[in-house]
Amino acid sequence: MTSFRIEPAKLDSESLKSLSTLDPKLSNWPVVYTLNSTGEIYVGESINGSGRLRQHLETPTKSHLSNVHIIVGNTFNKSVCLDLESYLIRLLAGDGKYQILNRNDGIADADYYGRNQYQSSFEGIFEELRNRGMFTRDIRSIENTDLFKLSPFKALTPDQAIAVEDILSGLFEDLEHEDPSRIIIHGDPGTGKTVVAIYLMKLLADIKHHRNIETNDGDSILSEFFTEGYPELLQDFRIGLVVPQQSLRKSIQAVFKKTPGLESDSVLTPFQVGLSAESFDLLIVDETHRLTQRASQTSADLNSKYRAINERLFGFDDPEFTQLDWINTRSTHQIYLLDAAQSVRPMDVSAESLRSLTSTVDPHHRTYPLTSQMRVRAGQDYVRYVRDMLAQSQREPVVFEGYDLRFFNDFSTMLTEIRAREDDTGLARILAGYAWPWRSNREKDAYDITIEGIQLRWNRVIVDWVNSPSSLNEVGSIHTIQGYDLNYAGVIIGPDLRLDSLSGKLTFDRSNYFDSKGKQKNTDKKPITDEDLLGFVKNVYAILLTRGMLGTYIYVCDPPLREYMRKFFPVES
């Protein structure tokens, strides 16, 4: 483990003058430093710490930051400092004590000689800074927060970085020529579609405001967009992030409130887009597959909104119009992030609509695949494995080394193990398909789910259920978990999904399916068949089975299905 020390100072002329005589390494050695005052912090790195701090003292955006901490390591080099700088920025953003004044384009994740050895010392640096009041929580607690998981301060994977750089290049070229544009980003669960959406919002905000331009040292591949010409193209440029799911939308809004340059009211519902008095220059749409089409709604208010928006935008009401049409009509440029296999209700925009959308985009220059698995430690092969197993095209079991994957015959044992993982890592939750009615929503003392004599309730809250105090003793549905990460997911595959013993095929049991909106037929279209609903239910379970970053535990209610599925997963004795 490399040795380090932390030198405190003040950001004033006298203190900085004394730094040069205190230690030669403070003016001629790679160091990492923090600048903070009440509620704000900046993290930087330099080979001339005292000189760089003098520059900040003369800069209006930094001169008010009075407190300095300089981190010096006897064997630090440039790569180590870039890595440590990124590490501290990510944790500070997740802790939430300070607003981060850095741009997000300099977050490094590059390998270098001896990286594992150096990183083993980073936790010690964190603890020392925490002892000095720089952090309010331990690392595990920080990494489990939405502020950390949904922060724009992320190190992009190579495919994400390529997509972001190409998107910006194409967008600025289109802006210069006053051409409209449409971009599609495809990605399976866990490939970071939401990360890219949030990252783009922050990056465009920083470019627009020329944020921290004096710190631009050219290390980032995105630094070119902070040079003359690009910020000017974004003046009076109206951007919105459309997030269809209420829970995820509220969580992202909370992150935006803590992030300089971002506004929580730029995170929108599709209805807000349709009703907006002003059009948008750019709309970034996360979870595009969860946009909706007109359905036989029981809500008169929702039907009224659909009708009012259609008449306002198109001059007449037609059930064929979807929220995709609203977004295309109300914006000049669109970036859609989608995975058609994550549609979970008939009222979600149809596969035909998504294919039609994709067909309008140049597949070579405006379509980007995300393939690196950021969530599940088992990797992208596990996502495919789950989907193939549910499609009954997987023939043999596969072992995923380093991933805690278990199949339980006894439900109480799975509950016990999930609660043990909560003690170990936090963020261990029970999830299930919508195979039981939500009685406790109306009768607070009622139980919703009974398995092997054990009674449980559905989630008491919809927004931010994962972090709610009672969530460990509740069961989360697809509508509270889609778009979120867990450390461990205990998945109950309910009696809405069965195996026909005679045909050997997976079947849908309508009598054990209680998502009322999941059964609604689309207006003026053919009724929703059991085969249609089987496809949606398979999608639901594929999503639930890919929420756990460190592990997934599985319990199956239907006995024949249990026998079918247990051969694909390690069985807990």
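Both backbone and side-chain heavy atoms feed into the values below; hydrogens, waters and symmetry mates do not. The shown structure was predicted, so the numbers you read here are calculated from the model rather than taken from an experiment.
Between the N487 side chain and the T425 main chain, a donor and an acceptor come within less than 3.5 Å of each other. Looking only at distances, a side-chain donor or acceptor of Q323 sits under 3.5 Å from a matching main-chain atom of T292. Using modelled atom types, no side-chain atom of D159 and backbone atom of L370 make a donor-acceptor pair closer than 3.5 Å. The backbone N or O of A428 sits less than 3.5 Å from a side-chain atom of E422, completing a donor-acceptor pair. Of the possible donor and acceptor atoms, one in the side chain of Q272 sits under 3.5 Å from a partner among the backbone N and O of T269.
The residues R460 and E474 are annotated as salt-bridged, a charged nitrogen and a carboxylate oxygen being separated by less than 4.0 angstrom. Between R132 and E128 there is a salt bridge, since a side-chain N of the basic residue sits under 4.0 Å from a carboxylate O of the acidic one. Of the charged side-chain nitrogens involved, none lies within less than 4.0 Å of a carboxylate oxygen, so that R419 and D423 do not count as a salt-bridged pair.
Cation-pi geometry between R429 and Y488 is not satisfied (NZ or CZ under 6.0 Å from the ring centre, within 45° of the ring normal). Cation-pi contact between R330 and F280: absent, since separation from the ring centre below 6.0 Å together with deviation from the ring axis within 45° is not met.
Considering only residues two or more places apart in sequence or on other chains, D83 meets the salt bridge (charged side-chain N to carboxylate O under 4.0 Å, His left out) condition with R115. For F271, the ring pair (Phe, Tyr, Trp, His ring centres under 6.0 Å) criterion is met by Y306, W326, not counting sequence neighbours. Residues satisfying the side-chain hydrogen bond (donor to acceptor under 3.5 Å, both in side chains) test with Y98, not counting sequence neighbours, are N36. Remark: E263 pairs with no residue by the salt bridge (charged side-chain N to carboxylate O under 4.0 Å, His left out) rule, at least two apart or across chains. Partners of Q342 under the side-chain hydrogen bond (donor to acceptor under 3.5 Å, both in side chains) rule, at least two apart in sequence or in another chain, are D339, Q482. Judged as a salt bridge (charged side-chain N to carboxylate O under 4.0 Å, His left out), and not counting sequence neighbours, E143 has no contacts. Partners of F135 according to the ring pair (Phe, Tyr, Trp, His ring centres under 6.0 Å) rule, which considers only residues two or more places apart in sequence or in another chain, are F126. Applying the ring pair (Phe, Tyr, Trp, His ring centres under 6.0 Å) test to Y336 and every residue at least two apart in sequence or in another chain returns nothing. With sequence neighbours excluded, the residues satisfying ring pair (Phe, Tyr, Trp, His ring centres under 6.0 Å) with Y382 are F400, Y403.
No donor-acceptor contact under 3.5 angstrom links the side chains of T332 and D281, judged on distance only. Looking at N28 and N48, their side chains never bring a donor and an acceptor atom within 3.5 Å of each other. Side chains of Q246 and R249: no donor on one and acceptor on the other come within 3.5 Å. Side chains of T416 and R421: no donor on one and acceptor on the other come within 3.5 Å. Side-chain atoms of Q117 and S120 include no donor-acceptor pair closer than 3.5 Å. Using modelled atom types and a 3.5 Å distance limit, the side chains of D404 and Y553 yield a donor-acceptor pair.
The two residues D174 and S181 have their closest heavy-atom pair at OD2-CB, 3.1 Å. Counting all heavy atoms, side chain and backbone alike, F122 lies closest to V80 at CZ-O, 4.0 Å. In this structure, R547 and A489 approach most closely via the heavy-atom pair CB-CB, 4.3 Å. Between K10 and S15, the shortest heavy-atom distance links the atoms O-CB, 3.2 Å. When all heavy atoms of N102 and D206 are compared, the pair lying nearest together is O-OD2, 4.4 Å. Between A432 and V475, the shortest heavy-atom distance links the atoms CB-CG1, 3.5 Å.
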Run S251 and Y484 through side chain to side chain donor-acceptor pair (under 3.5 Å) and show every step you take. CA-CA 10 Å; S251 296; Y484 285 90; 2.5 Å; yes
Worked check of salt bridge (charged side-chain N to carboxylate O under 4.0 Å, His left out) between E127 and R130: CA-CA 5 Å; E127 290 298 340; R130 186 185 177 202; 3.8 Å; yes
D138/S141 under side chain to side chain donor-acceptor pair (under 3.5 Å): CA gap, chis, key distance, verdict: CA-CA 5 Å; D138 59 57; S141 298; 3.0 Å; yes
Would R182 and N328 satisfy side chain to side chain donor-acceptor pair (under 3.5 Å), going step by step from the backbone distance to the final call? CA-CA 9 Å; R182 184 172 299 157; N328 289 335; 3.3 Å; yes
Test side-chain contact (heavy atoms from CB on, under 4.5 Å) applied to L337 and T194, step by step: CA-CA 8 Å; L337 300 101; T194 301; over 6 Å; no
Quick one: do S27 and R52 satisfy side chain to side chain donor-acceptor pair (under 3.5 Å)? Show the steps, please. CA-CA 9 Å; S27 59; R52 191 72 177 120; over 6 Å; no
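Atom CG of D188 and atom OG of S372 lie 11.5 Å apart (nearest 0.5 Å). Of the inter-residue distances, the one linking N74 atom CG with K25 atom NZ reads 5.5 Å to the nearest 0.5 angstrom. Summarising the geometry, atom CG belonging to D109 is positioned 9.0 Å from atom OG1 belonging to T157; distances are rounded to the nearest 0.5 Å. With rounding to the nearest 0.5 angstrom, the CD1 atom of I239 is 12.0 Å from the OG atom of S331. Here the straight-line distance linking atom CG of L82 with atom CD1 of I107 works out to 10.5 Å at 0.5 Å rounding. In this structure, CH2 on W458 lies 10.0 Å from CH2 on W438, to the nearest 0.5 angstrom.
Only one option out of L248, D464, N459 pairs with T480 in a side-chain contact (heavy atoms from CB on, under 4.5 Å); it is N459. Between L91 and the options L129, V43, I142, a side-chain contact (heavy atoms from CB on, under 4.5 Å) holds for only I142.
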Extract all donor-acceptor atom pairs below 3.5 Å that involve side chains of residues 147-155 and protein atoms in other chains or at least two apart in sequence.
| from | atom 1 | to | atom 2 | distance (Å) |
| --- | --- | --- | --- | --- |
| S151 | OG | F153 | N | 2.9 |
| K154 | NZ | F148 | O | 2.3 |
| K154 | NZ | K149 | O | 3.4 |

What donor-acceptor contacts under 3.5 angstrom involve side-chain atoms of residues 253-260, with partners at least two apart or in another chain?
| from | atom 1 | to | atom 2 | distance (Å) |
| --- | --- | --- | --- | --- |
| Q253 | NE2 | V267 | O | 3.2 |
| K258 | NZ | G96 | O | 2.6 |
| T259 | OG1 | V255 | O | 2.8 |

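Contact check for K78 versus E45: side-chain heavy atoms found under the 4.5 Å cut-off. For the pair N467 and D146, the minimum side-chain heavy-atom distance is below 4.5 Å.
Within the structure, ring pair (Phe, Tyr, Trp, His ring centres under 6.0 Å) contacts touching residues 15-36 (residues at least two apart or in different chains) are Y33-H56.
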